[in-house]
K.L.:
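Sharing a structure below in structure tokens format, with a few things to ask.
Residue numbers begin at 1 in each chain, while the letters A, B, ... track the order of the sequences. What's counted below: heavy atoms across the whole structure, side chains too, no hydrogens, waters or symmetry copies. This structure is a prediction, so every number in the text was calculated from the model and none was measured.
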Protein chains: 2
Amino acid sequence: MVARRDPSLRERAAAQLRARQQRLTAGREQLIEVLAAADRPLTIPEILHRRRGLAQSSVYRNLVVLEDAGVVHRIVTHDEFARYELADELTGHHHHLVCATCGRVEDVPATAALEKSLDAAVARAARTSGFRTYHHRLDLVGVCSRCA
Amino acid sequence: MVARRDPSLRERAAAQLRARQQRLTAGREQLIEVLAAADRPLTIPEILHRRRGLAQSSVYRNLVVLEDAGVVHRIVTHDEFARYELADELTGHHHHLVCATCGRVEDVPATAALEKSLDAAVARAARTSGFRTYHHRLDLVGVCSRCA
DNA sequence: ATGAGTGCAAAGGCTTTGCATTAGG
DNA sequence: CCTAATGCAAAGCCTTTGCACTCAT
């Protein structure tokens, strides 16, 4: 995820927020920093552990704001916690390896060949359904090395 | 999903339950019937609405049993409720159209071409990660006709 | 009989919200 | 100044669990 080291990350996030009449406050900036530093989606307990000063309620509230602005994505697996990551637009499109046992999620980069097949599937589905599809989400479900 | 009208559905579900030392009770059979009659994953409120006699706690408990036995799959979108459907083994492999607005989920059949690409991606990911992947999950995210 | 399944009600736990305080423009 | 954001605590809400009763083997 080379884009995560992009120095303009902050600026791009700020722009996306401004477009929604939202500010890039200190708390929101810290969330972006934590998520940018991680190589996988994080739960809120994990975020709070990495930035001890943050208030839980503000984290929840700011993640909603950041998600509405398209800066972060929320993902839900089968375990108890939701997970957050920077949006594809900021870090590059990728898919997920999801551990069916512990819920852990890791990133896996998308490849051109696969994306081409997926785009075709999306187009086909759009034709045959009332849905207008915006993007796709591919999870590879298995067991992570920790749980194996 | 032609398999859903398969008269042996009940028998196959019973066999999967027996393999886990579980019985196909009346309550569990009703759950399978409701899910088989639906053409999309259902929330628990929806299930309770369609089978008024069922007790909420038993539904939750039995869906756990059925999921452990591989008879149903639980899927989580972005809205508040989990959704349940019969497992791929009973109804055929398929993907989902997920409405980003209301959380509604519809089925979309898998195609051979796409599955081939996906299998290749799964194999590649398995090589480069500590994950052992069992299956995949593809969601096409968009806006359904109701919310458009 | 005897353990599994059921149903009602209460408890759990992640997430959201109320409200007073603080910060930003 | 005045609206937005924050932080603490309390409330919400889906889901799980305790417990007594019933059913099937």
Side-chain angles (χ1 to χ4, degrees), chain A residues 10 13-34 41-49 51-69 71-85 102-105, chain B residues 10 13-14 16-34 41-69 71-85 102-105:
Chain A
R10 190 197 122 97
Q16 286 187 245
L17 284 166
R18 269 195 303 275
R20 294 280 192 130
Q21 334 288 344
Q22 296 283 356
R23 303 180 206 154
L24 179 54
T25 63
R28 292 170 190 174
E29 194 163 355
Q30 289 207 62
L31 286 174
I32 293 170
E33 286 172 9
V34 176
L42 299 180
T43 65
I44 278 149
E46 286 173 337
I47 292 170
L48 292 172
H49 184 76
R51 283 290 197 285
R52 294 299 172 76
L54 295 177
Q56 188 185 53
S57 61
S58 296
V59 169
Y60 274 102
R61 267 193 284 239
N62 281 330
L63 285 171
V64 170
V65 170
L66 291 172
E67 191 186 14
D68 286 345
V71 175
V72 309
H73 275 165
R74 176 193 205 198
I75 66 185
V76 189
T77 66
H78 280 40
D79 73 339
E80 48 203 333
F81 295 100
R83 285 174 167 75
Y84 292 86
E85 65 180 352
C102 73
R104 183 183 179 87
V105 180
Chain B
R10 191 197 120 96
Q16 285 186 245
L17 283 167
R18 270 195 303 274
R20 293 280 190 131
Q21 333 288 346
Q22 298 283 355
R23 303 179 203 156
L24 179 55
T25 63
R28 293 171 190 174
E29 193 164 355
Q30 287 208 63
L31 287 174
I32 293 170
E33 286 172 11
V34 176
L42 299 180
T43 65
I44 278 150
E46 286 173 336
I47 292 171
L48 292 172
H49 184 75
R50 285 160 198 227
R51 282 290 197 284
R52 295 299 172 77
L54 295 177
Q56 187 186 55
S57 61
S58 296
V59 168
Y60 274 102
R61 268 193 281 239
N62 282 329
L63 285 171
V64 170
V65 171
L66 291 172
E67 191 186 13
D68 286 345
V71 176
V72 309
H73 275 165
R74 176 194 205 198
I75 66 185
V76 189
T77 66
H78 279 40
D79 72 340
E80 48 203 334
F81 295 99
R83 285 176 167 74
Y84 293 86
E85 65 180 352
C102 72
R104 184 184 179 87
V105 180

K.L.:
Is a donor-acceptor pair below 3.5 Å formed from side chain B/Arg61 to base D/dG18, judging by atom type as modelled?
P.N.:
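Looking at the base of D/dG18, it does pair with a donor or acceptor on the side chain of B/Arg61 (distance under 3.5 Å).
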K.L.:
Nearest-Å distance, CG (B/Leu31) to P (C/dG7)?
P.N.:
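It works out to 11 Å between those atoms.
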K.L.:
Checking all strands, does B/Thr25 fall into the base, sugar-phosphate, or nothing category for heavy-atom contacts under 4.0 angstrom?
P.N.:
sugar-phosphate
K.L.:
Which part of the nucleic acid does A/Ala82 contact within heavy-atom distance under 4.0 Å: base, sugar-phosphate only, or nothing?
P.N.:
sugar-phosphate
K.L.:
Rounded off to whole Å, could you give me the CZ-to-P distance for the B/Arg18 and D/dT25 pair?
P.N.:
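Checked: the CZ to P distance equals 12 Å.
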K.L.:
Whole-Å distance between C/dG13 P and A/Glu80 CD?
P.N.:
9 Å
K.L.:
C/dG5 phosphate, OP1 or OP2: any side-chain N/O from B/Asn62 under 4.0 angstrom?
P.N.:
no
K.L.:
Under 3.5 Å, is there any donor-acceptor pair linking the side chain of A/Arg28 to the base of C/dG24?
P.N.:
no
K.L.:
When the distance from CG of A/Asp79 to C1' of C/dG13 is rounded to whole Å, what number comes out?
P.N.:
13 Å
K.L.:
From CD of B/Gln21 over to C1' of C/dA4, roughly how many Å is that when rounded to an integer?
P.N.:
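Rounded to the whole Å, the gap is 13 Å.
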K.L.:
Just the rounded figure in Å: distance from P of C/dT16 to CD1 of A/Ile44.
P.N.:
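Rounded to the whole Å, the gap is 8 Å.
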K.L.:
Check whether any side-chain nitrogen or oxygen of A/Tyr60 sits under 4.0 Å from OP1 or OP2 of C/dT15, and answer yes or no.
P.N.:
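For A/Tyr60, the contact criterion (side-chain N or O under 4.0 Å from OP1 or OP2 of C/dT15) is met.
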K.L.:
In whole angstrom, what separates A/Leu48's CG from D/dC8's P?
P.N.:
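After rounding, the reported distance stands at 11 Å.
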K.L.:
Base, sugar-phosphate, or nothing: which does A/Ser57 touch, judged by heavy atoms less than 4.0 Å apart?
P.N.:
base
K.L.:
Send over the distance from B/Glu29 CD to C/dT6 C1', rounded to a whole Å.
P.N.:
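Atom CD in B/Glu29 sits about 16 Å away from atom C1' in C/dT6.
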K.L.:
Looking only at atom types and distance, does a side-chain atom of A/Glu85 sit under 3.5 Å from a main-chain N or O of A/His73, one as donor and one as acceptor?
P.N.:
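Checking the backbone N and O of A/His73 against the side chain of A/Glu85, no donor-acceptor pair under 3.5 Å is found.
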K.L.:
Once you apply a heavy-atom cut-off of 4.0 Å, does A/Gln22 come out as touching a base, just sugar-phosphate, or nothing?
P.N.:
sugar-phosphate
